[in-house]
Amino acid sequence: MPPPPATTLAAAVEPGEVIVALPYGLWQAGARTAALRLRALGGADELALAEALAAGDSAACAGSLLIGRCAAFADAAAPLGMIAAADLVLGDREVVLRALHVVSLGPRVEGRTACAHCGAAVEYDLDLDHPAESPPEPGPWHQLAILGGTIRCRVLTGADLERVAGSGDTDPLAVLADAATGGQAVSGDAGREILGAALARLDPNAETAVSVGCPVCGRITRLWLDCFELIRRGLAAAGGVMTQIHTLAAAYGWSESEILALPRHRRLLYCRMVAAGSPG
């Protein structure tokens, strides 16, 4: 397998593998991991994701699943695993998932949204292969001045989102505020707003906003990209991996394991051939 092309997000190092720098870093027992090794998605990863979502797993859990399967510590042979993947701060998760999209599905994302001002359809063509932002200060803990006092806070992680998604809590923002501050009191909407702005500053990659112009009214609409959703949308081509397995097994008599072992582009090519009525 040839190495993926070098990108502004990741550097190709081995056949089929890249190194992704973590802007904030994965903090464990006081030590910081600054980069992860990442491989492109394979058929087994697509199937694991499809089964997880069909079982009702949240997007946060499914994102940890993908990262845990496809990423690894630079000096380790085994995958990172879901627990360590969930410990990544939100911005680093977005960077890793964005790099995963680039090396697995390509850097371009096309779509359509409604203009926030006049409602007209706005088409966009975005390039995900752009550099990550650098956090303004090291972690894992930060001192924050808020409403006349000082609190100690940390940046939110995937594990925090997983807990909120599974809790059914009616006030998830309060749960996240407690997680970020270790349960220290943050008074009212004003306090939460200050905390939210501080977390956005400390983890600038947690949200990726892009601006698209409306062809009708000329005004700008802001889009917030969710890299996990972009991957999920990209993997839905040709009906998703389960439909692809069924199609190729019925057309060629191949086993599930044989189909999953195919590189994605060849699997989709065979599906197109079947749809065109040209299987052997």
Handout entry: Test side-chain contact (heavy atoms from CB on, under 4.5 Å) applied to Ala261 - qualifying residues, sequence neighbours left out
Key = none
Completion exercise
Residues passing the side-chain contact (heavy atoms from CB on, under 4.5 Å) test with Ala48, sequence neighbours excluded, are Leu65, Arg69
Completion exercise
Heavy atoms of Thr221 and Cys115 approach each other most closely as OG1-CA, 3.5 Å
Practice task
Starting from the C-alpha separation in whole Å, work towards a yes-or-no answer on side-chain contact (heavy atoms from CB on, under 4.5 Å) for Ile146 and Thr150.
Solution key: CA-CA 6 Å; Ile146 183 168; Thr150 301; over 6 Å; no
Side-chain donor/acceptor pairs under 3.5 Å, residues 204-212, sequence neighbours excluded:
from	atom 1	to	atom 2	distance (Å)
Asn205	OD1	Glu133	N	2.8
Asn205	ND2	Glu133	O	2.8
Ser211	OG	Arg222	NH1	3.0

Practice task
List for me each residue that meets side-chain hydrogen bond (donor to acceptor under 3.5 Å, both in side chains) alongside Arg112, sequence neighbours excluded, and say none if there are none.
Solution key: Glu123
Practice task
Would you please name every residue forming a side-chain hydrogen bond (donor to acceptor under 3.5 Å, both in side chains) with Ser58, sequence neighbours left out?
Solution key: none
Practice task
Could you tell me whether a side-chain N or O of His101 sits under 3.5 Å from a main-chain N or O of Gly106, the two making a donor and an acceptor?
Solution key: yes
Exercise for the section: Only counting residues at least two apart or in another chain, list the ones meeting side-chain hydrogen bond (donor to acceptor under 3.5 Å, both in side chains) with Asp87. Expected result: none
Practice task
Please collect all side chain to side chain donor-acceptor pair (under 3.5 Å) contacts where either partner lies in residues 234-250, sequence neighbours excluded, each pair once.
Solution key: Gln244-Arg267
Handout entry: Residue pair Cys118 / Cys214: nearest heavy atoms and the distance that separates them
Key = SG-SG, 3.6 Å
Problem - Leu26/Gln28 under side-chain contact (heavy atoms from CB on, under 4.5 Å): CA gap, chis, key distance, verdict - result: CA-CA 6 Å; Leu26 176 59; Gln28 295 177 314; 4.1 Å; yes
Exercise for the section: Would you kindly confirm whether Leu173 and Leu195 end up in one hydrophobic cluster when ILVMFWY residues are joined by side chain heavy atoms under 4.5 Å apart? Expected result: no
Fill in the blank from the handout: Nearest heavy-atom approach of Ala60 to Leu161 is CB-CB, 3.8 Å
Handout entry: Whether Ser104 side chain and Leu41 backbone form a donor-acceptor pair below 3.5 Å
Key = yes
Problem - Intermediate values then yes/no, side-chain contact (heavy atoms from CB on, under 4.5 Å), Arg37 and Val20 - result: CA-CA 6 Å; Arg37 194 172 73 250; Val20 181; over 6 Å; no
Handout entry: Hydrophobic cluster (4.5 angstrom, side-chain heavy atoms) - remaining members for Val155
Key = Tyr24, Trp27, Val89, Leu202
Quiz: residues 230-237 side-chain donor-acceptor pairs under 3.5 angstrom, not counting sequence neighbours:
from	atom 1	to	atom 2	distance (Å)
Arg232	NE	Glu229	OE1	3.3
Arg232	NH2	Glu229	OE1	3.0
Arg232	NH2	Glu229	OE2	2.6
Arg233	NH2	Glu110	O	2.8

Exercise for the section: State which residues pass side-chain contact (heavy atoms from CB on, under 4.5 Å) with Asp178; sequence neighbours excluded, sorted by chain then number. Expected result: none
Exercise for the section: Could I get the full list of side-chain contact (heavy atoms from CB on, under 4.5 Å) partners for Ala71, not counting sequence neighbours? Expected result: Leu36, Leu38, Ile67, Leu80
Completion exercise
Taking every heavy atom of Pro23 against every heavy atom of Asp92, the minimum-distance pair comes out as CD-OD1, 3.1 Å
Practice task
Rounded to the nearest 0.5 Å, what's the gap from OG1 on Thr181 to NE2 on His142? Could you check?
Solution key: 13.5 Å
Exercise for the section: Take Val241 and Leu260 through the side-chain contact (heavy atoms from CB on, under 4.5 Å) test and state the conclusion after the steps. Expected result: CA-CA 9 Å; Val241 68; Leu260 293 177; 3.9 Å; yes
Practice task
Before accepting this row, confirm whether a basic side-chain N of the pair Asp45/Arg39 lies closer than 4.0 Å to the acidic partner's carboxylate O.
Solution key: yes
Handout entry: Ionic contact status for Asp203 with Arg154, cut-off 4.0 Å
Key = no
Problem - Test ring pair (Phe, Tyr, Trp, His ring centres under 6.0 Å) applied to Tyr270 - qualifying residues, sequence neighbours left out - result: Tyr252, Trp254
Exercise for the section: Report yes or no: do Thr157 and Arg93 form a side-chain donor-acceptor pair below 3.5 Å? Expected result: no
Problem - Arg219 side-chain N/O to Ala116 backbone N/O, donor-acceptor pair under 3.5 Å - result: no
